[in-house]
Novice: 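What follows is a structure written as structure tokens; I'll ask about it next.
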Amino acid sequence: MSRFFVTTPIYYVKDAPHVGHAYTTVNADALARWHRLIGDDVFFLTGTDEHGQKVARAAEEQGLDPLAWTDQMSPRFAEAWAGLDVANDDFIRTTEPRHRASVERFLSAIYDNGYIFKDSYRGLYCVGCERYYATDELVDGNLCPDHRTPVEELEEENYFFRLSAFEDRLVEWYAANPGIVVPESKRNEALSFIKGGLKDISITRTSIDWGVRVPWDDEHVFYVWYDALINYVTAIGYGEDPERFDEWWPSVHHIIGKEIIRFHCVWWPAMCMAAGIEPPAHVQVHGWLLLGGDKMSNSSVNRITPASLTEEYGVDPVRYHLLRDIPLGSDGEFSAEGISSRYNSDLANNLGNLLSRVTTVVGSKCGGVGPVPDPSSRLADVAGTVVADAVAGWGASRPDLGLEATWRLIRETNAELEIAEPWKAEPGPGVDAVLGSALEVLRIVAILIVPAMPATAREMWRRIGLEGTPEEQRLPEAGSWGRYPGGLTVEKGAPLFPRRKD
RNA sequence: GGGGCAGUAGCUCAGUGGUCAGAGCAGGGGACUCAUAAUCCCUGGGUCGUGGGUUCGAUCCCCACCUGCCCUACCA
């Protein structure tokens, strides 16, 4: 059995969960579900990033201490993911004792290995950005270009990470492992950044105290990014449970957005090397949701909440659109028109309608009892190809390709029914063969859509009379033709996806 | 200012150094009626962002430019 450890970035609690977060998380969830389906041992991690000055100040404004404030904010993410049927195995918060302990161990290891040193820096600091600016970067004399708020002059003695020492090692690592960062264009971006020269970076602050205190110098607190990245190893028992850690590390699959490539593809591998562990094996970079269409052109990603989408379209249709229409690795269009059109064509007309017509005709021609599939059906060959293509697509972390393949089988089955016209024929072996094969397609499709639309998959499974759940099936064996047993009671239910009028 | 990504049929996207550049959706025509006015069949001639160059020949190779976006920017 192989292992599949998949992570999302941990989301900053100060933000409200939005469709961009949902995109990353749903992809991670779908990949986790796919790997469970092929029998892998899966660990799916997400969580919240809760330190830093922005959080401390927000808490202060509410008259709360930071932890009390984040205790209120963090669950919004957990609730958002539950609302999208996301089944993460763990939800880590950087304020948890396990994580603080892990950060201390991890950074102490780097310190002990000689890659952290002390130096001082004086400059103009923006609290919102938690970074310093050069004077010519400022707007109107002393305003942060991002926040349009005044910067503050600060002088700090900070600890620095000797990132520059890892330039060669990182280049070698990239050369030796062509597949670590996907897609290739993003890998090249990371690599060229490294080759452009790496500078040592400040990793602590003295001006704030909401964070993990530096174990060897309690005047200092670790910079929020440095603390956050370590969550990935905390959750699998770094320094706490070596056996468990070795089982899951380094073969992790980090799923990240393209804006944080530098942190995950440069800093993080170097930090791992410095701490004496292997760098992460896979970083899957995704693009952005481009908001198009009339209804969304006036919105920004961070104003579209997952709850508003699922309320309007349903959980599975939202998942389907995110997975089907925005290929992992490139930017893609997200719009009301897009999701609506996808809903009607793929879900209502193709999938939902296929289930309806098959269950209806089984009711009228077979007395509501599903017959066995025809081993020599043309659909058997189609299904074989489709399962293979779906396995390849999902295996390449491309849900869109896996789903596209699956829908070829649905379309072919609708076409096959037109040819056979079982609703016209007299009940008998001929009709049974056609309908049994159609039911067999529905069984296979139910399995193939588990990662994208788990609830829909379960409902289809139930309606065609199968015991258990589609999640329990194991590909590729369960995808082979002829496993629908026949003799099962088939239920004609309400439309799975009623057509939308918009 | 530097680095990178993208610009292909109405829409969303595939794609290859060379016979007619593809799919899905939308649109048009036909068939059918089991089904959610669903399905099935036929129908796509689009300067492949602009201008050059390499080549016998480029949408795909190179250069410049335009447009959109991401990262980065006289040490955080």
Side-chain angles (χ1 to χ4, degrees), chain A residues 119-125 129-137 145 154 156 158-161 163-164 183-193 195-205 223 225-226 257-263 265-266 285 287-288 290 292-293 321 324-327 329-335 337-365 400-401 404 407-408 410-425 431 434-435 438 492 494-501:
Chain A
D119 202 349
S120 69
Y121 184 79
R122 179 163 171 277
L124 300 167
Y125 185 82
C129 301
E130 300 191 24
R131 56 160 287 197
Y132 288 91
Y133 279 97
T135 49
D136 61 356
E137 292 179 89
L154 278 183
E156 285 190 296
N158 287 166
Y159 286 95
F160 284 70
F161 173 55
L163 184 62
S164 59
E184 195 180 359
S185 60
K186 300 298 192 272
R187 165 200 144 88
N188 293 341
E189 194 175 324
L191 192 51
S192 64
F193 179 84
K195 287 179 174 170
L198 298 177
K199 289 162 189 158
D200 297 336
I201 46 184
S202 160
I203 60 170
T204 65
R205 299 288 130 93
Y223 175 51
W225 259 107
Y226 260 70
K258 63 182 182 182
E259 78 284 3
I260 51 178
I261 286 178
R262 193 164 45 100
F263 303 112
C265 302
V266 183
V285 182
W288 287 90
L290 307 174
H321 180 238
R324 176 67 184 81
D325 284 325
I326 303 120
S330 51
D331 294 350
E333 201 75 30
F334 184 91
S335 68
E337 292 80 356
I339 186 170
S340 198
S341 146
R342 204 46 104 170
Y343 179 100
N344 275 341
S345 63
D346 286 14
L347 302 183
N349 297 353
N350 290 340
L351 176 59
N353 186 232
L354 177 62
L355 179 67
S356 288
R357 68 196 305 204
V358 169
T359 53
T360 296
V361 182
V362 167
S364 63
K365 298 291 180 180
D400 60 314
L401 298 181
E404 182 186 41
W407 257 256
R408 288 209 309 271
I410 294 168
R411 281 195 216 96
E412 291 289 342
T413 305
N414 271 320
E416 189 64 19
L417 288 175
E418 291 301 319
I419 295 167
E421 297 187 307
W423 46 87
K424 281 186 177 175
V431 166
V434 171
L435 293 173
K492 156 85 174 148
L496 233 39
F497 301 103
R499 258 187 81 83
R500 295 178 59 85
K501 296 285 171 27

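Numbers restart at 1 for each chain; the letters A, B, ... are given by sequence-line order, proteins then strands.
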Novice: Roughly how far apart, to the nearest Å, are B:A9 and B:C63 at atom C1'?
Specialist: 29 Å

Novice: Taking the C1' atom in each of B:U8 and B:G15, what is the distance between them to the nearest angstrom?
Specialist: 9 Å

Novice: From the set B:G3, B:C70, B:A38, return the single nucleotide nearest to any side-chain atom of A:E259.
Specialist: B:C70

Novice: Would you indicate what A:K492 reaches in the nucleic acid, counting non-hydrogen atoms under 4.0 angstrom: base, sugar-phosphate, or nothing?
Specialist: sugar-phosphate

Novice: From C-beta outward on A:N414, which listed nucleotide comes closest to its side chain: B:C71, B:U36, B:C40?
Specialist: B:C40

Novice: To the closest 0.5 Å, what do you measure between CG (A:L355) and CG (A:L496)?
Specialist: 5.5 Å

Novice: Look at the side-chain N and O atoms of A:R262 and state whether any lies under 4.0 Å from the OP1 or OP2 oxygen of B:C71.
Specialist: no

Novice: Within less than 4.0 Å of OP1 or OP2 of B:C34, is there a side-chain N or O belonging to A:K424?
Specialist: no

Novice: Mind calculating the distance between CG (A:D346) and C1' (B:U12) to the nearest angstrom?
Specialist: 12 Å

Novice: Give the rounded distance in Å between these two atoms: CD of A:E412 and C1' of B:C40.
Specialist: 12 Å

Novice: Set out, in order, the CA-CA distance, both residues' side-chain angles and the distance that settles salt bridge (charged side-chain N to carboxylate O under 4.0 Å, His left out) for A:E418 and A:R357, then state yes or no.
Specialist: CA-CA 11 Å; A:E418 291 301 319; A:R357 68 196 305 204; 2.8 Å; yes

Novice: Measuring only the P atom in each nucleotide, how far is B:A26 from B:C41? A whole number of Å is fine.
Specialist: 14 Å

Novice: For A:W407 and B:C25, give me the distance from atom CH2 to atom P, rounded to whole Å.
Specialist: 13 Å

Novice: Report the relative orientation of the aromatic rings in A:H321 and A:F334; use parallel for angles under 30°, tilted for 30 to 60°, perpendicular for over 60°.
Specialist: tilted

Novice: B:C75, B:C40, B:U39: which one has an atom nearest the side-chain heavy atoms of A:A415?
Specialist: B:C40

Novice: Quick one: look up who B:G18 pairs with, Watson-Crick or G-U, both distances under 3.5 Å, and put none if it's unpaired.
Specialist: B:C56

Novice: Determine the Euclidean distance between corresponding C1' atoms of B:U59 and B:G51; express it in Å to zero decimal places.
Specialist: 16 Å

Novice: Does the A:D331 side chain pair with the main chain of A:W288, one donor and one acceptor, at a distance under 3.5 Å?
Specialist: yes

Novice: Return the pairing partner of B:C69 with a 3.5 Å limit on both distances, Watson-Crick or G-U wobble; otherwise return none.
Specialist: B:G4

Novice: Counting side-chain heavy atoms from C-beta on, which of B:U33, B:A35, B:C70 comes nearest to A:W423?
Specialist: B:U33

Novice: In the strands shown, is B:C25 matched to any nucleotide by a Watson-Crick or G-U wobble pair with both distances under 3.5 Å, and which?
Specialist: B:G10

Novice: Mapping A:I260 and A:S185 onto RNA chain B by nearest heavy atom, which one lands closer to the 5' end?
Specialist: A:S185

Novice: Taking atom C1' in both B:C40 and B:U33, compute the distance separating them and give it to the nearest angstrom.
Specialist: 11 Å

Novice: Would you state whether a donor and an acceptor, one from the side chain of A:E418 and one from the base of B:C34, lie under 3.5 Å apart?
Specialist: yes

Novice: If the threshold is 4.0 Å, N to carboxylate O, is there a salt bridge linking A:R187 and A:E184?
Specialist: no

Novice: Counting only Watson-Crick or G-U wobble pairs whose two distances fall under 3.5 Å, which nucleotide matches B:A35?
Specialist: none

Novice: Between A:N350 and B:A38, is there a contact of a side-chain N or O with OP1 or OP2 at under 4.0 Å?
Specialist: no

Novice: Write down the distance between CZ (A:F193) and P (B:G3), rounded to a whole number of angstrom.
Specialist: 14 Å

Novice: State which of B:A35, B:C40, B:G3 makes the closest approach to the side chain of A:S356.
Specialist: B:A35

Novice: Calculate the interatomic distance between A:E404 atom CD and B:G15 atom C1'; express it in whole Å.
Specialist: 12 Å

Novice: Side chain of A:K258 only, please: which of B:C40, B:C69, B:U36 is the nearest?
Specialist: B:C69

Novice: Starting at the 5' end of RNA chain B and moving along, which residue's nearest nucleotide shows up first, A:T360 or A:S341?
Specialist: A:S341

Novice: Does the A:W407 side chain pair with the main chain of A:D346, one donor and one acceptor, at a distance under 3.5 Å?
Specialist: yes

Novice: Rounding to the closest angstrom, what is the interatomic distance between B:C34 and B:C20 at atom P?
Specialist: 46 Å

Novice: Could you give the distance separating B:C48 and B:A14 at their C1' atoms, to the nearest angstrom?
Specialist: 12 Å

Novice: Taking the same atom, P, in B:U43 and in B:A58, what whole-Å distance lies between them?
Specialist: 30 Å

Novice: Whom does B:C48 pair with, Watson-Crick or G-U wobble, provided both distances fall under 3.5 Å?
Specialist: none

Novice: Give the rounded distance in Å between these two atoms: CG of A:N349 and P of B:A38.
Specialist: 6 Å

Novice: Okay, side chain of A:N350, backbone of A:R411: is any donor-acceptor separation there less than 3.5 Å?
Specialist: no

Novice: For A:I419, answer base if it contacts any base atom (sugar-phosphate contacts may also be present), sugar-phosphate if it contacts only those atoms, and nothing otherwise; contact means non-hydrogen atoms under 4.0 Å.
Specialist: nothing

Novice: On the nucleotide B:C25, are OP1 or OP2 found under 4.0 Å from the side-chain N or O atoms that A:R342 carries?
Specialist: no

Novice: In whole angstrom, what separates A:H321's NE2 from B:C13's P?
Specialist: 9 Å

